[in-house]
Amino acid sequence: MKIAFVGKGGSGKTTLSSLFIRHLATTGSPVVAVDADINQHLGPALGLDEADAAALPAMGDRLPLIKDYLRGSNPRIASTETMIKTTPPGEGSRLLRVVENNPVYDACARAVELDGGAVRLMVTGPFTEADLGVACYHSKTGAVELCLNHLVDGQSEYIVVDMTAGSDSFASGMFTRFDITFLVAEPTRKGVSVYRQYKEYARDFGVTLKVVGNKVQGQDDIDFLRAEVGDDLLVTVGHSDWVRAMEKGRPPRFEHLEDTNRRALQVLQAAADATYELRDWERYTRQMVHFHLKNAQSWGNERTGADLAAQIDPAFVLREAETATA
């Protein structure tokens, strides 16, 4: 299941995504965690110290390797130089699976040991001073989008992506890559503003969007969120001494997380699992093609000097039965 956490800066989306990842690890399920937020806080939230978090390999720096592997023997892709972040898979492309070893994971993923087991962690890499004036951070997150386009995941397999704050993911089609999107919102007008943007943009793309109310202190906060987001409000989370200890670098064992917050994480998993029966791989593939054509026309063709519409394989549908090429 592909799961995104979004929200405005400071909403607590990274904290909640890290708690959800920890929860999934306790179930024994295979998990790939991806930090696609340019601020790169997911590693520390999963317990890595600053040095280890800074040493994580950046996907953005390994984009040529990622492209070369995913291209495979696809005859519609003339070269890796013509692959862009929205390039869809076709016959001959290599696909990624959650439970496997491959060169992309070898280069970009690292195992993070948690109380309940281990997860694979991948990061886009930070936006550095060297990027100022010469690069856009969407070029960093493009590696994530390309991998999601080529990812085939099954039931009880989880990919959890901590997305860039705000509505910036709409600069590409990445917001349509998920089975469910959890939008973390505080009980304030600013807190629900990103929800309104997401709801508007996602309306025409069949995006399953649920709101997680965070920093909720009482019934008045719950009533406010319910009035603002209606039935999209899935669950609320309040103060956590466990989280406070984690933020100080001294997290207790995860089994000591408060019962109310543990139940909230169970609600999130149940909501994610319920979307499995709603999967429509043909729609998913059509959306990939839609955003690829849109990006090709707006900038991709000019940048690569190629007609990127020719990369589309009209007979190909990404689905669980697909297998990667050798």
Side-chain angles (χ1 to χ4, degrees), residues 1-26 29-62 98 104-105 107-128 137-138 140-145 147-148 151 153 157-166 168-169 174-175 177-178 180-184 194 212 214 237 240 242-251 254 257 261 265 268-269 272:
M1 310 303 296
K2 302 181 188 74
I3 301 158
F5 278 81
V6 301
K8 78 173 186 66
S11 64
K13 70 177 181 61
T14 298
T15 297
L16 280 173
S17 63
S18 72
L19 291 177
F20 187 60
I21 291 164
R22 289 175 184 270
H23 164 72
L24 292 176
T26 67
S29 302
V31 181
V32 175
V34 181
D35 192 346
D37 189 334
I38 211 65
N39 291 314
Q40 301 288 276
H41 293 317
L42 184 57
L46 291 174
L48 297 183
D49 60 33
E50 291 186 9
D52 287 339
L56 291 169
M59 296 176 70
D61 293 341
R62 290 153 178 81
V98 176
V104 174
Y105 289 155
C108 302
R110 294 295 179 266
V112 176
E113 298 291 335
L114 300 172
D115 290 352
V119 302
R120 278 174 165 155
L121 174 61
M122 304 171 72
V123 303
T124 60
F127 192 70
T128 66
Y137 66 77
H138 294 116
K140 302 273 190 179
T141 59
V144 179
E145 185 169 359
C147 286
L148 289 174
L151 180 65
D153 56 303
E157 298 176 341
Y158 298 92
I159 302 90
V160 182
V161 182
D162 182 22
M163 297 280 278
T164 297
D168 285 337
S169 65
M174 192 155 67
F175 73 98
R177 302 299 85 201
F178 301 100
I180 191 168
T181 295
F182 293 130
L183 189 144
V184 182
V194 174
V212 181
N214 194 28
V237 179
S240 170
W242 194 98
V243 170
R244 288 293 298 274
M246 177 194 73
E247 291 173 342
K248 293 175 181 176
R250 301 191 297 269
F254 189 65
L257 181 71
N261 291 327
L265 297 175
L268 297 187
Q269 183 181 4

* Heavy-atom side-chain proximity of L265 to N261 below 4.5 angstrom -> no
* Carboxylate-amine/guanidinium proximity below 4.0 Å for R22 and D115 -> no
* Asked: Can any side-chain N or O of R120 pair as donor or acceptor with the backbone N or O of P30 at less than 3.5 Å?
  -> no
* If you take all heavy atoms of K2 and R177, which pair is closest and at what distance? -> CD-O, 3.0 Å
* Structure fact -> Minimal heavy-atom distance between L151 and Y105, with the atoms involved, is CD1-OH, 4.4 Å
* Close side-chain approach of L19 to W242, heavy-atom, < 4.5 Å -> yes
* Asked: For T124, does its backbone N or O pair with a side-chain atom of D35 as donor and acceptor, under 3.5 Å?
  -> no
* Measure the shortest side-chain to side-chain distance between V104 and M122 over non-hydrogen atoms and say whether it is less than 4.5 angstrom. => yes
* **Residues L268, F182; criterion side-chain contact (heavy atoms from CB on, under 4.5 Å); working and verdict** => CA-CA 8 Å; L268 297 187; F182 293 130; 3.9 Å; yes
* Asked: So do the side chains of L114 and I21 get within less than 4.5 Å of each other, counting heavy atoms only?
  -> yes
* Indicate the atoms forming the closest heavy-atom contact of A36 with V161, along with that distance. => CB-CG1, 3.8 Å
* Asked: Of the non-hydrogen atoms in L42 and S18, which two are nearest, and what is the gap between them?
  -> CD1-CB, 4.0 Å
* Begin with the C-alpha distance, continue with both residues' side-chain angles, and end with the deciding distance and a verdict on side-chain contact (heavy atoms from CB on, under 4.5 Å) for H41 and D162. => CA-CA 9 Å; H41 293 317; D162 182 22; 5.7 Å; no
* Between N214 (side chain) and S11 (backbone), is there a donor-acceptor pair under 3.5 Å? -> yes
* To do: Please examine the side chains of I159 and F178, heavy atoms only from C-beta on, and report whether any two atoms are closer than 4.5 Å.
  => no
* **Side chain proximity check, T181 to V6, heavy atoms < 4.5 angstrom** => yes
* Asked: Side chain of D49, backbone of A51: donor and acceptor closer than 3.5 Å?
  -> yes
* Asked: When rounded to the nearest 0.5 angstrom, what is the spacing between CG in L46 and OG in S17?
  -> 7.5 Å
* State plainly whether the residues D37 and K13 are in salt-bridge range, i.e. N to O under 4.0 Å. => yes
* To do: Determine the minimum heavy-atom distance between C147 and M59, stating which atoms define it.
  => SG-CE, 3.8 Å
* To do: Report yes if some heavy atom in the side chain of E247 is under 4.5 Å from a heavy atom in the side chain of V243; otherwise report no.
  => yes
* Does the pair L121 and L48 meet the rule for a side-chain contact (heavy atoms from CB on, under 4.5 Å), with working shown? -> CA-CA 11 Å; L121 174 61; L48 297 183; 4.0 Å; yes
* Going by heavy atoms in the side chains, are F5 and V184 under 4.5 Å from each other? -> yes
* Asked: Mind checking whether Y158 and F20 have parallel, tilted or perpendicular rings, split at 30° and 60°?
  -> perpendicular
* Can you see which heavy atom on Q40 is nearest to which on G125, and at what distance? => OE1-N, 3.0 Å
